[in-house]
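Read through the structure below, which is laid out as structure tokens, and then see the notes.
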Amino acid sequence: MNKGELEYDAIIGLEVHAQLATKTKIWCGCEVNPNALENSRVCEICSGHPGTLPVLNNRVVEYAVKMGLGTGCKINNLSYFDRKHYFYPDLPKGYQITQLDIPIAQDGHIVIKDDLGADKRINIQRIQIEEDSGKSSYCEEGLLVNLNRAGTPLIEIVSRPDMRSSNEAVGYLKKLYSILTNLEICHGQLQDGNFRCDVNISLSLKGQETCGVRTEIKNLNSFRHVEKAIESEVLRQSQILESGKEVIQQTLGFDGETMQLRILRSKSDTQDYRYFREPDLIPIIVSEREKTQWEEELPELPDSKRARFMSEYGLSLYDAEILSNHRYLATFFENAAKLFKGEAKKVANWIIVEHLRLLHEFNVKVEETPVLPYDLATLLNAVHDERISGRQAKDVFQKMFVEKKGADLVLSELGFVQISDESILAEIIQKMIDENPILVEQYLSGKERVFGFFVGLVMKSTEGHANPQLTNLLIKKFLENKKYKD
Ligand code: ZN
Ligand code: MN
């Protein structure tokens with residue numbers, strides 16, 4: 001093997017857990033609130049008291065079906081809940097309610113870009129509804145359990161092992177994330193664990209169909225961690241195979257602090273979850289009527305938005321892709337483009353280059369930007385009207401962003417005010433004409449080039465702030481008047 005060049009294909013499948021953005025939990029009326037005081041959003045049902053009965057929150061079914069429709073899945077009119085048993089302190093019932101043999105949705109796909117930039121279809125095996133567990137953490141006194149999260153509704157989205165690189169895996173995750181947030185069924189706060197994923201990886205010799213032993217990396221909640229974890233694991237497995245040893249079936253964790261993989265447990269003795277059908281809940285029935293209604297309620301999704309941005313606004317594929325994948329950015333763009341006098345391409349370019357750069361530099365989320373679409377349009381209109389240069393616009397924009405001020409305010413603070421008051425301009429022009437009788441005569445005798453000189457004089461005396469259109473109009477009017485007066 002050439003040093004640094006892999007003889008192996010990575011075969012990657014992903015399981016994504018997305019928390020649904022319902023107000024209340026899946027089986028009870030407790031509020032879903034990740035920031036509430038520990039164990040303050042808990043009742044007998046979500047804390048697993050014996051003898052209590054779960055009641056399904058129908059909003060969960062609606063959201064899961066919408067995700068199924070948004071990813072081209074077949075929706076099962078009849079699906080079931082099942083119990084998956086395991087012991088963990090943050091799972092007080094001793095089992096998780098999930099869906100085993102018949103999930104709410106199955107057999108869908110989304111389209112991503114492969115490593116060469118071509119469209120690639122990633123198949124979705126199934127989408128199942130389940131409940132989240134509580135959260136445990138360690139302190140000096142021992143283990144702490146917070147049950148606020150217990151009973152938060154989840155959908156688990158299981159892909160086929162169709163991805164071949166960390167790049168494709170991240171592309172797939174970003175597309176799923178974009179669909180979930182566009183559907184407004186997931187808050188998408190990665191740091192709160194709203195969107196977490198498990199990665200399955202095995203290697204196969206290049207060109208061969210058979211795949212090797214598979215390992216699983218659990219619970220990643222950042223795109224960068226996914227990328228890093230996959231790269232480390234591909235390297236680890238290929239080194240094992242090269243040294244003539246065998247990869248063993250293991251579950252791994254990824255430490256975001258050290259950016260290192262660590263082995264959690266070997267899977268040689270596969271856990272028996274003793275699945276059986278949940279007896280306390282009736283099957284989920286999705287009627288054709290409900291399905292049609294939810295389908296009608298679907299908003300425009302990223303792929304069709306991207307196509308529309310290209311045809312309607314003339315954006316490049318690259319710009320359209322970036323803007324359409326982010327719900328807030330897409331709306332921001334459209335609102336600013338509506339108010340801008342020039343080509344929408346300029347707005348897109350400004351958002352992607354300048355705005356995203358500042359957001360990144362100051363570590364501000366897109367949703368929390370201090371700039372409004374109106375302000376961006378006002379600034380770009382000033383460039384369009386040639387009141388300020390592109391270079392000056394960048395400074396104005398930075399000031400708007402950092403000092404959280406509107407474009408009008410910053411433009412006037414920096415002296416970029418336009419004089420559009422006719423009486424002020426008229427006074428300047430009158431004075432100028434009175435002071436330059438020879439030039440006026442030259443103009444009137446047909447030397448029209450002199451006109452530009454007058455414009456220059458007005459701009460000089462107003463330090464460039466005179467409204468150019470109005471200035472031209474007024475100079476013409478004054479000079480023509482001269483013709484008849486003398
Ligand atoms: Zn509860
Ligand atoms: Mn799960």
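Just follow the structure's listing: the first ligand is 1, and inside any ligand the first atom is 1.
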- Item | Among Ile124, Val111, Ile12, the one residue meeting side-chain contact (heavy atoms from CB on, under 4.5 Å) with Tyr172 |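 With Tyr172 as partner, side-chain contact (heavy atoms from CB on, under 4.5 Å) holds for just one option, Ile124.
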- For the side-chain contact (heavy atoms from CB on, under 4.5 Å) test, which of Ile155, Asp198, Asp132 pairs with His17?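 Considering Ile155, Asp198, Asp132, a side-chain contact (heavy atoms from CB on, under 4.5 Å) with His17 is found only for Asp198.
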- Query: In degrees, rounded to 10 degrees, what angle do His17 atom NE2 and Glu130 atom OE2 make at the Mn ion (ligand 2)?
  - Reply: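 Angle NE2(His17)-the Mn ion (ligand 2)-OE2(Glu130): 90°, rounded to 10°.
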- Query: the Zn ion (ligand 1) as vertex, arms to SG of Cys28 and SG of Cys46: angle to 10°?
  - Reply: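 It is 110°, given to the nearest 10°.
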- Message: How large, to 10°, is the angle at the Zn ion (ligand 1) when you draw lines to SG on Cys43 and to SG on Cys30?
- Response: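 So the angle at the metal works out to 100°.
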- Test log, rule salt bridge (charged side-chain N to carboxylate O under 4.0 Å, His left out), inputs Arg83 and Glu278: CA-CA 5 Å; Arg83 288 187 183 182; Glu278 168 59 57; 2.8 Å; yes
- Any N/O/S atom, backbone or side chain, of Glu156 lying under 2.8 Å from the Mn ion (ligand 2)?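 Yes, within the cut-off.
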- Task: Give the intermediate values and the outcome of side-chain contact (heavy atoms from CB on, under 4.5 Å) for residues Leu203 and Ser238.
- Result: CA-CA 7 Å; Leu203 297 188; Ser238 62; 3.8 Å; yes
